[in-house]
Every structure is written in structure tokens, then in C-alpha cells.
Amino acid sequence: MDINILVGGAAGQGMDTVMNLIGKTLARDGFKLIYSKDYMSRVRGGHNFSQLRISAKTPWSAAAGTDILVALNEETYTLHQDRLSSPGRVIYDPDQFSLPENETRGVPVALKELAVEAGGKVMSNTVAVGALLLLLGLKTEPVEKLLGEMFAGKEKVITGNIAALKAGYDAASSFCRSCFTMPDRGEGEKLFIDGNQVLGMSALASGCRFLSAYPMTPSTGIMNYLAAKSTDYPLVVEQAEDEIAAINMALGASYAGARALTVTSGGGFSLMVEGLSLAGMIETPLVIIVGMRPGPATGLPTRTEQGDLDFVLHAGHGEFPRAILSATSHEDAFYRINKAFELADRFQTPVVFLSDQNFADTHRTVDPFDFSRLDFNRYLLQEGNLESPYMRYRITDDGVSPRALPGQFAGETVLVDSDEHDQLGNIVEGAEERLNMADKRMRKAAGLAAEMDEPDHYGDPHPEMLLLGWGSTYGVLRETVDALSGAGLKAALLHFSDIYPLPRKRLLSLLSETRISFCVENNATGQLAGLIRRETGHQIDRRINKYDGRPFTAAEIIKEVENHAGS
Amino acid sequence: MPAADAYLVNEPAWCPGCGNFAIREALAAALAELELAPHKVLICSGIGQAAKIPHYIKANGFNGLHGRALPPALGAKVANPELTVIVESGDGDTYGEGGNHFIHNIRRNPNLAHFVHNNQVYGLTKGQASPTSDPGMTTGVQVGGVHTPPLNPLGLALVMGAGFVARCFSGEKEHLKDTMKAAINFPGYALIDILQPCVSFNKINTHGWYKKRVYYPEIDDQENFNRALELAGQWGEKIPLGVFYNKPRPTFESAQPALTGEPLAFRSHDPRDFSGLQKEFF
Ligand SMILES: Cc1ncc(C[n+]2csc(CCOP(=O)(O)OP(=O)(O)O)c2C)c(N)n1
Ligand code: SF4
Ligand SMILES: [Mg+2]
């Protein structure tokens, strides 16, 4: 059986502390988890909650129900009590509010009072963790060890938190000792990591040397991750004055030889669009991570959507090749970002990675990454192949001109130009020169297309019912397929990581044999379905769309599938 | 010493008589006198007449977007601080479209030499007002005459904390060349606002108009901020030329731990050395 924990309160009450302590401890023990957040765009007040699901099988999405509710305020109880399972429990502070008389599931723990006794009000979340441990039938020692590591060198903080932890544990003990059974755990220690951290870690390991960005949810976490590393690693992180500066700085760094990254969300990407076109024109490698949130304009800043695929597909004036990637999972994202850097360097063109809030802010437990699977090739001109004078835009069969860096070869200079240019990089206006250069650039699109991975096919090898998706919906769609298959249906999922140039082999073969296809997207208009239509002429039979800013649940998709399939 | 002519490439597409020619020649002479090899110099520019300069000087060049000459220059400095990076563009490009980058890169203080060809007009787009156009100037767009007061680039730079602030005139080539050399050698952000006649579109601020007004004031103390600000504010009957302010402060590069040692651009890398990054997530 799964166990689902929901911690809720006002912004600023520290739900994160509770989940990080529990999550990390369980991950060390090999348990499989997913921890997702539902946050409002405010720093104090409002209602925020996070959910932790523990499951014997890898959990892919947050559950609809809750077994343990940690209500840091009364509103949390009111809003979420209806999803609480009947053997469920509510941890709450009786000094803050009381539960209705007929509520039998309460576990009153004087969070604040016990925290103050242990060393300070700030430790009340640690008291809650203690109570949670007791309910789960777990010991306090592993969390004590973790607290010792987290606050190393701050003895008073450690002893205070341990006292708070034990106080919570003891206070709950008369209510519900081990009334939940933990699901089976997997083998070995697991990483407990969120999407943004995966992206940042992969970028750094892939040889990214410069990040310039302007803060914007949900991508700011990547800035935070990399900035923290910039003191110890060969990396510079600069907060730009705006996104226009961010992308142009990254291009300058890339031109001069540093693998460069910029990260943003839709609004910031809007400001980067002219720079994207510049990257295409000057043929300078660049990786851009766009963390999607619902628009238009400021939209729902802290929530999720897949509404910007059409935008990144078409952004930028003029015509130039580009690649658009996304990822099915945290594991996939780790290797996919590496691929983004490799493609950008190899084809000297911009590569956009589409993330979203649902992926960026969700922690999952994953097996350790294999860093030896990451590539690092610069695809630079080697001395032996240098022809003088060096021509940055030499016309070649595959459209890729040998790339040299400024300062790489004595006596040779490197000129890039946003105007149409000749092979040396000098401004030209002749019709023939224009055609030659435009064709050279566009020839790279074929090379990119050959590198696109086919979408992931999960479920029945010869499905009657095919679900299609891309990016962060992979997990919930897998669970949907599992449920449909469990009900005896021949169902499968075809899920895209590499989106553009659209890989079509597996798509066309599966579409030709299925009875009905559904494109499931976190947007209103069905942008992947539209892309498939434009690129292949195939009309996906049904679209399932959700655009309320929240991620799909499997139950919602199953209901829609049943509605459509029946009609 | 290499000959200045060795730095001149291609035929400029400027109007005969344009002040840009002298600026180009002064730059070539400055690079030659500093004995800077072309492959170790990078010129970043935006879009405009002035911004075509990377095509006319033998050096590495990044001819980017209108208004965006400074950001790629900063990025290039990060990738390879050993490059001598010069930023060169027009007044519209630098003070109008790129105003935000102008302000914030002065604050950052990267080691860049910034040469602004200030013709007080938009040349390439055929004569609209620029942020430095004098009030009253009529154009095809400012049909009733410019009625907004001009931006004072040197005053703004000083107030934002620029360490090297100078004004030159394309008609005073020797002085321009020497000032360019000083700016290139200055450790930090160095701005020269260069008065440049546009013979085609600026019929007010002509070569003769500038010639009559420019003079070299006494500047005993280049660290005297108030005196510098006073000189930056002089415009009209008399226009001072010279290095108004010259006082280094810590650079952008010096605050970046990753920028000591071999340039990031040329460092080797092996992803396997990075597997320790996972540790904190256990
Ligand atoms: C984003 C963008 N907006 C407008 C233009 C058109 N444009 C090109 S140059 C220029 C103004 C040039 O004036 P300035 O920077 O003073 O250079 P000058 O030609 O006078 O040397 C303009 C408006 C452009 N290229 N890009
Ligand atoms: S338009 Fe003016 S600035 Fe441009 S080249 Fe002609 S004279 Fe020079
Ligand atoms: Mg101008």
C-alpha cells in the first residue's frame, strides 16, 4: 500500500523543512518517493501544501487521497479533510485550533509549545516530523543523524532540533503507534532531488561554464543551484539586468568559448526572442531552459502548464534551425540536458529545453546518475585542419562550418555578424551570397533531425488505444496506461522527449495500427497534436487538455478517456 | 611596432567626410602602438553606422544586435579574460536601445573599453533624433523639433561609478588615439564619448560646429569627482575634451573565483570528475 502525506499551511510556515527531513531520510533507506508542491505566488500567508507519496512501485505522480495530514493551520484541515482516508490521521497543534467534535482522526501535538521548550519556535516543524515518524513506525535516529549533518558546527541548533524531534515523537505515541505500515523499499540509497537541481547538476557536469539569467519562477531554482556551485567549480553565474542581456551575454560567452546557458520562463523568453534569432544567424551554440508556467503575461506564476511549445517552435524572426527537447523524468532530464549542450555545440545553433513547474519543483527518488554516460565534445577546429584565412562561415555539405574561438589560433580572427554575411563573416547584400548562406544554415536542420530520439513507447506493443504526450506528464500517463491495462484494455503511451525536429518513425507506425489516439496536454489548444498534424498530416482522434494550472491526475485522464472512448 | 595600416581591412561603407573614418584610423593606430595582435583583440558592436566597425578593423568581431553590444562583451570577458575587449557603437545604440546595459555594466565594472561614436543622430536609419540630439533639432520624425532634454552620458557614467570617463572629438585624432590607449589599458570599465560629425543627417553639430567649441581644460587631478562632473556638464559654447576622471576600483572579473588561472574557454573537462555533485542529495 502507498502512504500519502500532505503538509499544508500558510506561505512561510516551512512545509519544506518537514518534507525535506522526512523525504531525505526515507530516500537514504531506499524508499521510493515523489514530493510535489502546490504553492501560491506569495511569501507569507495564503494556502500552500506539499504532498509526499511513498510507494513500493516507483511513484510517478501525487496521489488524490491522503493518509496523514499535517495541518499547520486550520485552513489546511478544512480544505483537505475530505481527501483523508478513513484510517487516516491529522497531526495538528491543539493550541492553534481544535478539530470538530466528531473528528476521530486527530493526533494533537503541541507543536509550538514543545518547540519552545526544546529551543525555539522555529523548531515546531521538527516537532511535527517527530510525530510523523511515530505514525509511520519509524525510529528517530536517522533523522537525528541528518540534522547533525545539516547543522554541522552549530551544536545548539542540533541539540535543540533533536529534542524537538523526540518531543513530537513522544507526544504522538499515545495516539497511533505504528498505525501505518511502510511500503516495501527498493535496493540501495537513492538521491532525493528536484527537477531544477537535476538540470543544474547536469549542466555543470556537461561543462557549462557560464549561466546568465534573470530570476523567474519556475526556473530560478537552477540559478540558485548553479550559483551555490560557482565558488568551487569553474563556473560564473551572473544575474543579468534583464533577459535581453541574459541571452546576449550567454551568446558572447559561447562565442568566446565557454559552454553557456540561460534559463527563464515564458515572459523572459519573450524578451530573449531577438537573441534567439541572433544565435541562429551567428551560428553560436546556446542552451536555453524555458520553465513553463501558465500565461498569457504573468499568468499563474507558481503553477504549471505546457503552453509554450508553439511559442518556442516559432520564436525568432527569420528562418534558422533549432532543436526543442523535453524530458520524461528526472533521470531522462539528466542525460537530455547533456544532449542539449552537445547538439548546440555540434550544430552551432540554439537548443531549447522545455521544463515546467510540475517537473522543476517536484522531488523524486532516483538511482545514482551515471556520469560516464555524459559526453563532452567541443567540435572545434583542430590546428591541423586550419586553412588561412580562417572563415567562420565556410560553406560545407552538412552546413556546419568548422568553428574556431577568438584567440585560438595566432594570426587568425573570428568574425560573427548579425547581418547577412559572407564566409568570412563580413556584411553582404548580394542575392546569391544570401541564398548560399541561408541554405548552408538550413542544411543543419537535417543533421539535427537525424539526432532526435524516437518517443518512449510504454505499454501494449500493439495498442488499440494510444495516449500521446510530452515532457512532465510522462509519469501520470504511465500510471494511466497501467490502470487501463489493468482493466483489460490494450493501451499504450507514446511520449516525446525530443520534440523538434519531430521524430516520426515510431509515431507513424503506431498511429497506423491503433483504433483511437489521445493527445494529453497541460494546455488548452493541444500544441503537440497541432505539431503532429502540421508535420505528418495525421489528426490525433481526441485531445485531453488541462489548463487550470495544476498537473493532471491519472483519475482525471482515465475519466476523459472513458468518456471519449465510449462516444 | 606593427603599422597602423595593418589593422585596416575592407572598404568602409560610410559617407565621404563622415567622422567615423578618423575614429577608425585612431583605433588602428592605438592598437598598433599598444602592439596588440589582432587575434587577441575582440570588438563587440551593436547595429548602426558606428557598429560596422568590426568589419573595418582587423581583430575578432562580434557584430550583434542593435543596442546589445555590451552584454556579449561581458560574456566574452568571462569566457576569456585574456582578450582585449573593446565595445564600439553609436549613441542611439548605446544610450537609447541599450541604455539598461549601459547603466548596469558601469556598475559591474568589467575590464572593457567602450568607445561611443556620438553623432547626436540615428545615422543608419536616416536621421531621426537620438538621446543626445540637441533640443530644437528637426527631423522627419521630430517634426516640431526635439523637445526632450538630452541624455548626459558622461554625467550618467560618473554618477553610476565609472572609473574612466573621457570625451574626445574625431577631429582631434592624436588625442583620440592617446585616450583610446589609456582606456584600453585602464583596469575596469572605461568610457569615451567621441563627438563624431554625421555629414548626411546632422546639419547642426557639424565638424565646424564642434571645432569652434572644443577645448582642453586644465585637469590637475583626474580623481576629482566634482570637477569631472562639472566638465561632463559643460555643453554649448564651450565643450571640454580630455580624461575627466580616472580612478580604478575592483573589477567584475576580480570578484569571480572561476576567473583566475586558465581562461574558461580553454580548460579541459571530464564529466566523470563531477559525480561528487550527487553527494548532497543522499
Ligand atoms: C531592434 C532594432 N530596432 C531598430 C533597428 C533599426 N536601427 C538600426 S541602427 C538604428 C539607430 C542607429 O543610431 P546610432 O546607434 O546612433 O548609430 P549611427 O548609425 O548613428 O552610427 C536603428 C534605430 C534595429 N536594427 N533593431
Ligand atoms: S549617415 Fe552619417 S554617420 Fe552614417 S556614414 Fe553617413 S555621415 Fe557617417
Ligand atoms: Mg548615432
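Values below: every heavy atom of this structure, side chains too, minus hydrogens, waters and symmetry copies.
- Both the backbone and the side chain of B:Glu280 have a heavy atom closer than 4.5 Å to some heavy atom of chain A.
- The two atoms that bring B:Phe252 and A:Val236 nearest to each other are CZ-CG1, 4.5 Å, heavy atoms only.
- A:Glu189 approaches B:Phe282 most closely through the heavy-atom pair OE1-CB, 3.7 Å.
- Looking at B:Pro271, both its backbone and its side chain come within 4.5 Å of chain A, counting heavy atoms on both sides.
- With chain A as the partner, the residue from B:Val78, B:Leu65, B:Asn80 showing the most heavy-atom pairs under 4.5 Å is B:Leu65.
- Within the 4.5 angstrom heavy-atom criterion, only side-chain atoms of B:Leu259, from C-beta onward, approach chain A.
- At a 4.5 Å heavy-atom cutoff, the contact between A:Phe369 and chain B is made by backbone and side-chain atoms alike.
- Contacts of B:Ser268 with chain A are made by backbone atoms alone, with heavy-atom separations under 4.5 Å and no side-chain atom involved.
- In this structure, a donor-acceptor pair under 3.5 Å is present between the side chains of A:Asp417 and B:His55.
- Heavy-atom contacts from other residues, nucleotides or ligands closer than 6.0 Å to NZ of B:Lys40 number 12 or fewer.
- Contact annotation for B:Leu83: only side-chain heavy atoms (C-beta onward) come within less than 4.5 Å of a heavy atom of chain A.
- Residue B:Ala59 touches chain A through its backbone alone, counting heavy-atom pairs closer than 4.5 Å.
- For the set A:Ala410, A:Ser254, A:Ser206, the entry with the most heavy-atom pairs within less than 4.5 Å of chain B is A:Ala410.
- Scanning all heavy atoms of the two residues, the minimum distance from B:Gly75 to A:Phe210 falls at CA-CE2, 4.3 Å.
- With a 4.5 angstrom heavy-atom cutoff, A:Arg373 does not touch chain B via any of its atoms.
- At least one side-chain heavy atom of A:Ile427 sits under 4.5 Å from a side-chain heavy atom of B:Lys52.
- Using a cut-off of 4.0 Å between Lys/Arg side-chain N and Asp/Glu carboxylate O, B:Arg107 and A:Glu241 are scored as not salt-bridged.
- Residue-environment remark: CZ (B:Arg249) exceeds the threshold of 12 foreign heavy atoms within 6.0 Å.
- If you measure heavy-atom distances from B:Gln278 to chain A, the contacts under 4.5 Å come from both the backbone and the side chain.
- Side chains of B:Pro72 and A:Asn248 form a contact here, defined as non-hydrogen atoms less than 4.5 Å apart.
- There is no contact between A:Ala27 and chain B, counting heavy-atom distances below 4.5 Å.
- Shown here is A:Tyr214, whose OH atom has no more than 12 heavy atoms of other residues, nucleotides or ligands within 6.0 Å.
- Ranked by heavy-atom pairs shorter than 4.5 Å toward chain A, the options B:Ala265, B:Pro263, B:Pro257, B:Pro54 are led by B:Ala265.
- By the 30° and 60° cut-offs, the orientation of the rings of A:Tyr225 relative to B:Phe281 is parallel.
- For B:Ile43, no part lies near chain A; criterion is any non-hydrogen pair under 4.5 Å.
- Although no hydrogens or angles enter the test, the distance criterion places a donor-acceptor pair under 3.5 Å between the side chain of A:Arg209 and the main chain of B:Leu264.
- Using a 4.5 Å heavy-atom threshold, the side chains of B:Leu277 and A:Lys229 count as touching.
- In this structure, chain B has no heavy atom under 4.5 Å from any part of A:Ala250.
- The main-chain N or O of A:Val414 is found under 3.5 Å from a side-chain atom of B:Asn60 such that the two form a donor-acceptor pair.
- Ranked by heavy-atom pairs shorter than 4.5 Å toward chain A, the options B:Gly67, B:Ala79, B:Ala258, B:Gly61 are led by B:Gly61.
- Proximity of a side-chain donor or acceptor of B:His39 to a complementary backbone N or O of A:Gly411 within less than 3.5 Å is detected.
- Each of B:His101, B:Lys58, B:Gln256 has some count of heavy-atom pairs under 4.5 Å with chain A, and the biggest count is that of B:His101.
- Contact annotation for B:His104: only side-chain heavy atoms (C-beta onward) come within less than 4.5 Å of a heavy atom of chain A.
- Contact count against chain B (heavy-atom pairs under 4.5 Å) is highest for A:Glu274 among A:Glu274, A:Gln408, A:Glu412.
- Contacts of A:Glu149 with chain B are absent, with no heavy-atom separation under 4.5 Å from either backbone or side chain.
- Interface residue B:Asn105: only side-chain heavy atoms are found under 4.5 Å from chain A.
- Highest contact tally toward chain B, considering only A:Ile244, A:Leu235, A:Thr231, A:Leu251, is held by A:Ile244 [criterion: heavy-atom pairs under 4.5 Å].
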side-chain contact (heavy atoms from CB on, under 4.5 Å) between A:Ile282 and B:Phe62, intermediate numbers included
CA-CA 9 Å; A:Ile282 62 177; B:Phe62 187 112; 3.6 Å; yes
